[in-house]
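Scroll down for the structure; my scribbles are underneath it.
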2 protein chains.
Amino acid sequence: MTRSAPPPGNLDAPATTVDEALDRVRRNGGRVTSSRRFLLRALFTAGGHRTAEELAAEVQDQAPDVHLSTIYRNLEELERLGVIVHAHLGHGPATYHLASAAHGHFVCEVCGTMIEAPDQLFGGLARTAKTEFSFTIDPHHFAVLGRCARCS
Amino acid sequence: MTRSAPPPGNLDAPATTVDEALDRVRRNGGRVTSSRRFLLRALFTAGGHRTAEELAAEVQDQAPDVHLSTIYRNLEELERLGVIVHAHLGHGPATYHLASAAHGHFVCEVCGTMIEAPDQLFGGLARTAKTEFSFTIDPHHFAVLGRCARCS
DNA sequence: GTCGATGCAAACGTTTTGCACACTG
DNA sequence: CAGTGTGCAAAACGTTTGCATCGAC
């Protein structure tokens, strides 16, 4: 989470703390509930790519009654507010992480290993997709599948 | 296995006719059934990206009793034999097409428009993924999401 | 008190599986 | 006749939704 230099040209910069995210929820007409606080705490700690089910388990450690459907509804809301994003890393459930940590993914279709791909790797593809097809790629949303070193 | 005009550099070249594909099924210990023949006919005619459900509908036009689960089982077998491949074009059902027609995809995450992406567009990404991460990308399996001209 | 959020159960869409029967080779 | 393929129903899986109630502001 790079604090010092805020991402350029983004009016709605990603929230960097739980409270900042909750403020944003409130400013958008939402309520600050304990489910949301727990979910945000889970999202802001230990990072990584976690599924709704994994996040639910973490939240339920502290608040056992929080239902999976609440997790899904809150994840949707937090994504709408730009606090988090989700990515599809192949078959199986989507994974969620902080918007500030967005990046591309390479996923091995044999063993499932995931490699975080720096954005500049996609520069060339982004450019040609744009000039040849007027298509603006979003390299974060779906992983690029393939084979890792061990499996190819 | 390799017939008159095999595509270059591929030991197990994609079948180019229904009967060739059925031969391959038989050679691998499978049986030639009418479900399989109808499914292959559907796959070999009119091309395009079709979901299991769409293929089932086409098959059922001629053989109403063929069940969707049979379609799925046969698609799996045909993919194992290298006759077809499937691709994920975003959320929603997978699409199937002949292995010989494999290509990449750009899919608009707003309107769903799909653009077929020539393989050479992925050359740069393939090269850097390989040299920097020893990762061999498969640009066909999952679409690259983004925004089309109208939606961006 | 208003209105948004929650728990729960039930539905959803896609795909897989267990089983008894039918068919191919 | 052996063993693969099939129809059907049911389950599996991740996710969404309807509804009555609860809780934040």
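Note that this is a predicted model, so its numbers are computed, not measured. We name chains A, B, ... by the order of the sequence lines, and we start the count at 1 in each one.
With rounding to whole Å, B:Ile71 atom CD1 is found 9 Å from D:dT6 atom P. Between B:Leu68 atom CG and D:dT6 atom P there is a gap of 13 Å when expressed in whole angstrom units. When rounded to the nearest whole Å, the span between NE2 of A:His67 and P of D:dT15 equals 15 Å. The CD atom of A:Glu76 sits 11 Å away from the C1' atom of D:dT17 (whole-angstrom rounding). Separating the CG atom of A:Asp65 from the P atom of D:dT21 is a distance of 18 Å, rounded to the nearest angstrom. In this structure, A:Leu75 places its CG atom 16 Å from C1' of D:dT17, rounding to the nearest Å. Protein atom CZ of A:Arg37 is 10 Å distant from nucleotide atom P of D:dA24, rounded to whole Å.
When heavy atoms are screened at a 4.0 angstrom cut-off, A:Arg73 is found touching base atoms of the nucleic acid. Within the nucleic acid shown, B:Ser35 comes within 4.0 Å of sugar-phosphate atoms alone, with no base atom in reach, counting heavy atoms only.
Between A:Arg31 and B:Ser69, the residue anchored nearer the 5' end of DNA chain D, judged by the nucleotide with its closest heavy atom, is B:Ser69. Heavy-atom nearest nucleotides on DNA chain C were determined for A:Ser34 and for B:Thr33, and the one closer to the 5' end corresponds to A:Ser34. Remark on DNA chain C: of its neighbouring residues B:Tyr72 and B:Arg26, the 5'-side contact belongs to B:Tyr72, judged by nearest-heavy-atom nucleotide.
Residues A:His91 and B:His88 bring their aromatic ring centres within 6.0 Å. Annotation: A:His49 is in aromatic contact with A:His105 [ring centroid separation under 6.0 Å].
Atom CD1 in B:Ile71 sits 5.0 Å away from atom CG in B:Leu39 (nearest 0.5 Å).
Using the six-membered ring where Trp is involved, B:His141 and B:His86 have ring planes that are perpendicular, over 60° apart on the 30 and 60° scheme.
Comment: A:Arg50 engages A:Glu58 in a salt bridge, judged by a side-chain N to carboxylate O separation of less than 4.0 angstrom.
With A:Gln62 contributing its side chain and A:Val59 its backbone, the two residues share no donor-acceptor pair below 3.5 Å. For A:Gln60 (side chain) and A:Asp65 (main-chain N/O), no donor-acceptor pair under 3.5 Å exists by modelled atom type.
Judged by distance alone with a 3.5 Å cut-off, no donor-acceptor contact links the side chain of B:Arg36 to the base of D:dG5.
Reading DNA chain C from its 5' end, the first and the last nucleotide to sit under 4.0 Å from a heavy atom of chain B are C:dT14 to C:dG25.
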